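Predicted model, so just to flag it, every value in this text is computed and none were measured.
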Amino acid sequence: MSLLLTEGLGRRFGGLEAVRDVDLALREGEVRALIGPNGAGKTTLVSMLCGRIAASSGRIHFAGREVTRLPAHRRIRMGMAYTFQITSIFAELTVRENVRLAVQRVADDAALELRVAETLACVGLEGRADQRAGDLAYGHQRLVEVAMGLGQAPRLLILDEPTQGLSDGEVAGFVALIRAVARETTVLLIEHNIDVVMALADRITVLNFGRVIAEGAPAEIRADPVVQEAYLGG
Amino acid sequence: MEFGPHLILALLEGLVQASVLMLTALGLSLVFGVMRVVNVAHGEFFMLGAVLAHVVAGWFGAHPALGFIAALLLAPPLVALAALAFDRTVLHRLGHDPERTIVATIGLLYVIQQLTLMTFGPEARPVTAPFNHRIAIPWIETTAAGLSFYFPWGLSTTSYKLFVVVAAFAASAGVWLMMARGRVGLVLRATQLDRETAQAFAIPVHQVYGFVFALGAGLAALGAVLVVPIRQAHYLMGGDPLLLSFIVVIIGGLGSLRGTVWAALLIGMSDGIVSVFFSPTLAKILATLLVALVLVYRPGGLFGAKPA
Amino acid sequence: MSRALVLHLGLIAVLFAAAFLLPAYHHGNLARIMVLAVYAMGYNILFGYAGLLSLGHAMFFAAGMYGMGLTVRYWDWPMILALPFGTLAAAALALLVAVLALRTAGVAFMIVTLMFSQAGFLVILYFNPITRGDEGFVIPQAARRLAGLDLSDPMNRYLAALVLFSVVLLACHRLVLSRLGRVLVAIRENEERARLLGYDVWAHKLGAVVLSGSVAGAAGAAYGALFGSVGASFAEVPFSILPLLYVLAGGAGTVIGPFVGTAFMFYLRDLAGTVTDAHMLVAGAALIALTLFARRGLMGLVRARWAGWLP
């Protein structure tokens, strides 16, 4: 059964069709990568999924329910989590407070602090829990962002270019983290680093000029001449 | 008086009020448009203009025309200088942050008002008009002999009031020309469109801001100097121009000079007429609620763009 | 017990002791400061925690004051009913204003609240025959009784002010450390992120406005009952600026800041009063100085320098 399903999803900005006619079906438990050249409409697409921007056309179903018109916070409450491409954390608050805000919606008082500590440990930030989030190095801020996604114990975790700007070592750690997470959670991953995509994705969807031009297992996508022309080979 | 002459009189009085309001509101609109900040002390710059006019005119006590001309030439630049000083010492250091600027100009409002009270005193003080001829206005009536002109009792204006209208329109046209043509206008419009890009094109944005803030205050002061021979200078007189300018700028669309001009004429003219039908308090209640609701439902103003 | 709770309980204890130690002049001042501090604490919920800058809180204060005053004056309600009624009136007004004003943000929100408050002030003047807006009216001493106590008696008045102050202070302490308080801070810091953590930003802001307006209304009702006068001047623009000033001075987003700021500004004005009676001059100059030099206010400074735990 599909956890997330879109039918004919599209979005116009004035005369520009940033996304058009996208049919997407995410199986419960899979790791799906969404790739494509810059400006292909990836962020627009996932922004529609989580409700940051409204769809111009088409429909979105999540967990068996139509959510096309639901406001963002209601979709998040149904079990979506979204991590921003441009780091968006509570810079003035401590790392712990950042994560607590993510966790407190899904945990009762008794479990709260334990869950916060677990989530911090999960991304390796337990040693920096009481630092001001805005003071952290960029890579660590990305981890706070990811921790806020994980802390919500989502059914679907949407990661928008999570490894952008990370060092090689940090990327390796991130891949291991998402592997562990993917055992319990469906993941939709926008990613430019093709090694990360190949290491993590069960299936890959390729977007170009707002349309889906290919979809399949990593090996198929790697071999697809259309994809190679549009993206990989280009 | 019959209805016809009465209406003409209301329109004439409305026109005087509208033209001064236009000048004052243009100042507020310019500051908001270019700097994206709200100057809550705008009405106090108006008041300061009127009070300085009284003081300057007093230096030339013997000759009302000389005194008025001196006030016209000196008061607005002095007010503009005071505004420039405030921009340099305070607003500039706040980075012209919108919220902090409002708080600071609220502070300025009370500082100017209370300092004026302490030095100038609580009395209302007049300024003599440089000239003040009564101009009777003819009206047409139908008599047995056909149409004929006559001069209804009370239907008159003064040469000074006509001068106020002409001067205010001329000054507004000057602002308009400055914005629409010329290098200064280009620089201002560029700054308004995009502060960062303007900076990249070597426009000294902070100097532009200082200039605009001073110009806005100067326009308010100019409006006050024009109107002070008709009314009087008083330390609490800044409240109404502030409220009316707010109404004009918001109804006309924030930062739109064209909208400001139309709204000033509309509101200035109708203010006289509305107060015939409503008590002034009720008219003010309706006006403030209208402003609030326009901001809530039509943030682009009634004449401006549709809400996004 | 946390350090913060010790601090807040300690403040209450000191204020209680002061009731019996202070000379009459400061005794009277402090009673007034405590009620005004409640007003400032209400303001702080919205400004300091939810990050919404209102320029119209006088309308809530006045709604509470008139809700109490009119029911006492015309229907002879006892204080035990009139005080909650005033608070409820403020809450209802806050709900109405919130539904409209929350469609805007930032500068527009400031102007909209300013305009609504000004309209409220003018409404009081318009119904002058009922409200006695111009000159105000006095709550007769016989009506200023609560639970058998005469509120016009200085000691009773002080203790009643202290009770209200303590309840609101401890409630703010609880609120700030609660889940709700954390979400308000999250909205202040990064609204979009808060929304995408699944929080209904609009509903939380609405709640913050209503709560903030209710506390301001309670302060207004109490002020009328304790000091015996009701008037339109409490609905005027300067009275909306005062809580902003108090909170900025004491430290926005700190529980104890509003009290510190109120006391500080009250005595600063008192001191300046020996030089000039243009008391808003001090307020104006202080506003400019605070925005320039001390954005975080006194307690914000203390928190940043010495006491990071301060809620």
Chemist: Quick check against the 3.5 Å criterion: does C:Thr254 have a side-chain atom that pairs as donor or acceptor with the backbone of C:Gly251?
Modeler: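 Here the side-chain-to-backbone pair exists.
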
Chemist: Is a salt bridge present between C:Asp200 and C:Arg195, judged by a nitrogen-to-oxygen distance below 4.0 Å?
Modeler: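 No, this pair does not count.
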
Chemist: Run the side-chain contact (heavy atoms from CB on, under 4.5 Å) check on B:Asn39 and B:Phe32 step by step: do they pass?
Modeler: CA-CA 8 Å; B:Asn39 176 15; B:Phe32 183 83; over 6 Å; no

Chemist: Answer with side chain, backbone, both or neither: which region of C:Leu248 has an atom nearer than 4.5 Å to a non-hydrogen atom of chain B?
Modeler: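 For C:Leu248, the contact with chain B is made by the side chain alone.
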
Chemist: Among B:Gly239, B:Gly107, B:Pro98, single out the residue with the greatest number of heavy-atom pairs under 4.5 Å to chain C.
Modeler: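 Option with the greatest count: B:Gly107.
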
Chemist: Ignoring hydrogens and geometry, is there a side-chain-to-backbone donor-acceptor pair from B:Tyr110 to C:Leu287 under 3.5 Å?
Modeler: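 Answer holds: no.
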
Chemist: Short question: side chain of B:Arg125, backbone of B:Phe120 - any donor-acceptor pair under 3.5 Å?
Modeler: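 Pair found, side chain donor or acceptor close to backbone of B:Phe120.
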
Chemist: Examine whether an atom of B:Leu109 lies under 4.5 Å from a heavy atom of chain C, and if so say whether it belongs to the side chain, the backbone or both; otherwise answer neither.
Modeler: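 Nothing of B:Leu109, per the 4.5 Å heavy-atom cut-off to chain C.
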
Chemist: Is it the backbone or the side chain of C:Leu290 that comes under 4.5 Å from a heavy atom of chain B, or both, or neither?
Modeler: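 No part of it gets close to chain B.
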
Chemist: Where does C:Phe127 contact chain B at under 4.5 Å (heavy atoms): side chain, backbone, both or neither?
Modeler: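 Interface part for C:Phe127: neither.
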
Chemist: C:Leu55 versus chain B, heavy atoms under 4.5 Å apart: side chain, backbone, both or neither?
Modeler: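 The side chain, not the backbone.
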
Chemist: Shorter than 4.5 Å, heavy atoms on both sides: which option in B:Val291, B:Val111, B:Leu289 has the most such pairs with chain C?
Modeler: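 Looking at each of B:Val291, B:Val111, B:Leu289 in turn, B:Val111 comes out on top.
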
Chemist: Output yes when a side-chain donor or acceptor of C:Ser240 lies under 3.5 Å from a complementary backbone atom of C:Ala58, and no otherwise.
Modeler: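 Here the side-chain-to-backbone pair exists.
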
Chemist: For B:His206 and B:Asp87, test the side chains for any donor-to-acceptor distance below 3.5 angstrom and give the result as yes or no.
Modeler: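 Distance-only check fails for B:His206 and B:Asp87.
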
Chemist: Can you tell me which of B:Val90, B:Val38, B:Leu108, B:Thr105 forms the most heavy-atom pairs within a distance under 4.5 Å of chain C?
Modeler: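 The option with the most such pairs is B:Val90.
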
Chemist: Which bit of C:Ile241 comes within less than 4.5 Å of chain B, counting heavy atoms only: side chain, backbone, both or neither?
Modeler: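 Answer is side chain: those atoms of C:Ile241 sit under 4.5 Å from chain B.
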
Chemist: Below 4.5 Å from any heavy atom of chain B, which atoms of C:Leu53 appear? Answer side chain, backbone, both or neither.
Modeler: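 Contact with chain B: side chain only.
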
Chemist: Can you tell me which portion of C:Ala283 sits under 4.5 Å from chain B's heavy atoms? Options are side chain, backbone, both or neither.
Modeler: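 For C:Ala283, no heavy atom lies under 4.5 Å from chain B.
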
Chemist: Under 4.5 Å from any heavy atom of chain C, what part of B:Ile247 do you find: side chain, backbone, both or neither?
Modeler: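 When you check distances to chain C, no heavy atom of B:Ile247 falls under 4.5 Å.
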
Chemist: If only atom types and distance count, is the side chain of C:Arg103 paired as donor or acceptor with the main-chain N or O of C:Val99 below 3.5 Å?
Modeler: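 It does not hold such a pair.
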
